[in-house]
Amino acid sequence: MVRKMGVYAVLAYVIYGLFFYWYLFYFADASLPFEYQGTKADSATFLNGRELMLTEEYSKIRNLLFFLSTPFEWLFYFLILLFGFSKAFKSWAENSSKYKLLQTAIYLIWLSFFAFLATLPLSYISYSLSKTYNISTQTFPSWMKEELIDFWINYGTLLIIVPVVYWLMKKSVKRWWFYAWLLSIPFTLFMMFLQPIVIDPLYNDFYPLKNKELETKILTLANKAHIPAEHVFEVNMAEKTNSMNAYVNGIGSNARIVLWDTTLNKLSDEQILFIMAHEICHYVENHIYIGIALYLLLSLIGLYLTSRMMNWVIARHGKELKIPEVKDIRSLPLFFMILSMLMFTASPFSNLISRYEETRADRYAINMTQNPDAAITAFQELTRSGLSQVNPPFLVKIFRYSHPTMLERISTLEEFELKQRIKDK
Ligand SMILES: [Zn+2]
């Protein structure tokens, strides 16, 4: 039975992978609808032939990797249970120490280590792909260093969360998910607060804007929206990537707007001011807080469903998966697997909300800067530097796109430009 279940799981993954290969490489059509051809949103008007070809190739492979990697995690956790690894980690932990907390720490290090090893090849392929296409310029040691930082941050976080969750499971088989959710509220807020000052600096350097002339212009814009200067940062990304980005993160006194130095180096001042105005909208409209509220709501539903599904799976297949009961630490891979499945299922919904906020930010930015030409060319540059598709296939859009597609973003700006021109006449 165990072998059969293992074979079926692998087979299901292979069929799923083949489906997406067929969907992305043969079925999906990323060409533009007729009415958009030749407009400023048409990448054929601003990319050269080589860039167009590379964009198509790169996006297809990137998208395939995206769809393969999350379900690969599910397969990994399933096989870890099925072939008794989770059981083995627990007995190694029990043999190494007689203290409960230390046992959990040892169990977690084994599980994390195997998960790291299993997912490393896909991460490496993804890294070397973006190097091949000249998106990433990061050296291998620097990439590996970041992978290891990720590993230890994940491990540290699990070390705080897992013992609490399993303690709650012991206290209340029925309602642990609700207590876990309650505790996750202050924890989430605390992590969001610490993120920009404790975690982010482990990866990159953050500092005030270097170009003082540009800084004056950017801070004038920030001032208009009542954002103090000490909330605007530049980050050094140029040694790692050619792509551009800007974002808002942190909460309370640590809330900040961050501009990648690549964005500042590659775009004109007018283009940068549009990007900045877009980020200002996220900041003043509190999109971070809306995001946290949404996350907490989804995690309430998610934890409830996880608890129900864990009970169901363990009642039916506890024997094959070698999980005697929910509150046994051996059930942890099942917990991760179900949670990850639910998150993946919910991602089209959270992306939809995010795309709505991004649309608002674009509209706010163009109203603030009134320069559609700078905005359009900035988006064209973003498309070029990231080799991103202007009009991605449907499934890619709903699962991957937290931003509207460039087709949508640029054509909205073109409409604005048209209206502006009519008004001026
Ligand atoms: Zn945005």
Side-chain angles (χ1 to χ4, degrees), residues 41 135 192 195-196 200 204 206 209 218-219 221-222 224-227 231-235 237 241 243-251 254-264 266-295 347-372 374-392 396-416:
I135 308 284
M192 295 294 285
Q195 174 90 25
D200 293 347
N204 300 297
F206 295 80
L209 302 183
I218 288 180
L219 293 183
L221 203 64
K224 266 195 212 166
H226 310 291
I227 299 173
H231 291 246
V232 182
F233 286 84
E234 177 178 336
V235 56
M237 291 299 290
T241 179
S243 65
M244 297 184 256
N245 197 11
Y247 60 89
V248 176
N249 79 344
I251 57 171
N254 285 340
R256 52 174 65 186
I257 293 177
V258 179
L259 299 157
W260 284 17
D261 59 350
T262 44
T263 312
L264 301 173
K266 286 181 183 182
L267 296 183
S268 71
D269 288 6
E270 294 303 309
Q271 292 171 328
I272 293 167
L273 290 177
F274 173 76
I275 306 281
M276 180 64 191
H278 171 106
E279 300 309 324
I280 287 177
C281 177
H282 288 314
Y283 189 105
V284 298
E285 291 197 348
N286 292 319
H287 291 169
I288 288 263
Y289 296 94
I290 297 173
I292 295 175
L294 187 74
Y295 165 80
S347 62
F349 173 70
S350 45
N351 282 337
L352 189 72
I353 307 270
S354 168
R355 286 200 298 270
Y356 170 72
E357 292 176 341
E358 295 299 336
T359 308
R360 283 186 70 88
D362 281 352
R363 199 181 312 141
Y364 178 101
I366 195 61
N367 284 329
M368 192 176 201
T369 56
Q370 295 285 330
N371 189 343
I376 292 171
T377 49
F379 281 155
Q380 291 175 338
E381 274 311 308
L382 279 171
T383 306
R384 173 180 292 120
S385 73
L387 290 180
S388 46
Q389 279 170 311
V390 169
N391 186 31
V396 174
K397 180 178 160 180
I398 67 164
F399 278 98
R400 274 201 81 179
Y401 273 57
S402 55
H403 290 65
T405 65
M406 280 301 176
L407 177 64
E408 292 160 339
R409 301 181 88 175
I410 297 178
S411 43
T412 308
L413 289 168
E414 269 193 298
E415 273 166 37
F416 180 91

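One-based numbering, in listed order, for ligands and for the atoms of each. The residues of the chain are indexed from 1 along the displayed sequence.
Crowding of Phe206 atom CZ: a count of heavy atoms from other residues, nucleotides or ligands under 6.0 Å exceeding 12. Annotation: Tyr289, atom OH; neighbour count of heavy atoms from other residues, nucleotides and ligands within 6.0 Å is above 12.
The closest side-chain heavy-atom distance from Phe274 to Asn371 is not below 4.5 Å.
A salt bridge is absent between Arg360 and Glu357: the closest approach of a Lys/Arg side-chain nitrogen to an acidic carboxylate oxygen does not fall below 4.0 angstrom.
Among the atoms of Glu358, an N, O or S atom falls under 2.8 Å from the Zn ion (ligand 1). Within the 2.8 Å limit, His403 places no N, O or S atom next to the Zn ion (ligand 1).
Taking the Zn ion (ligand 1) as reference, the nearest N/O/S atom within His278 carries the name NE2.
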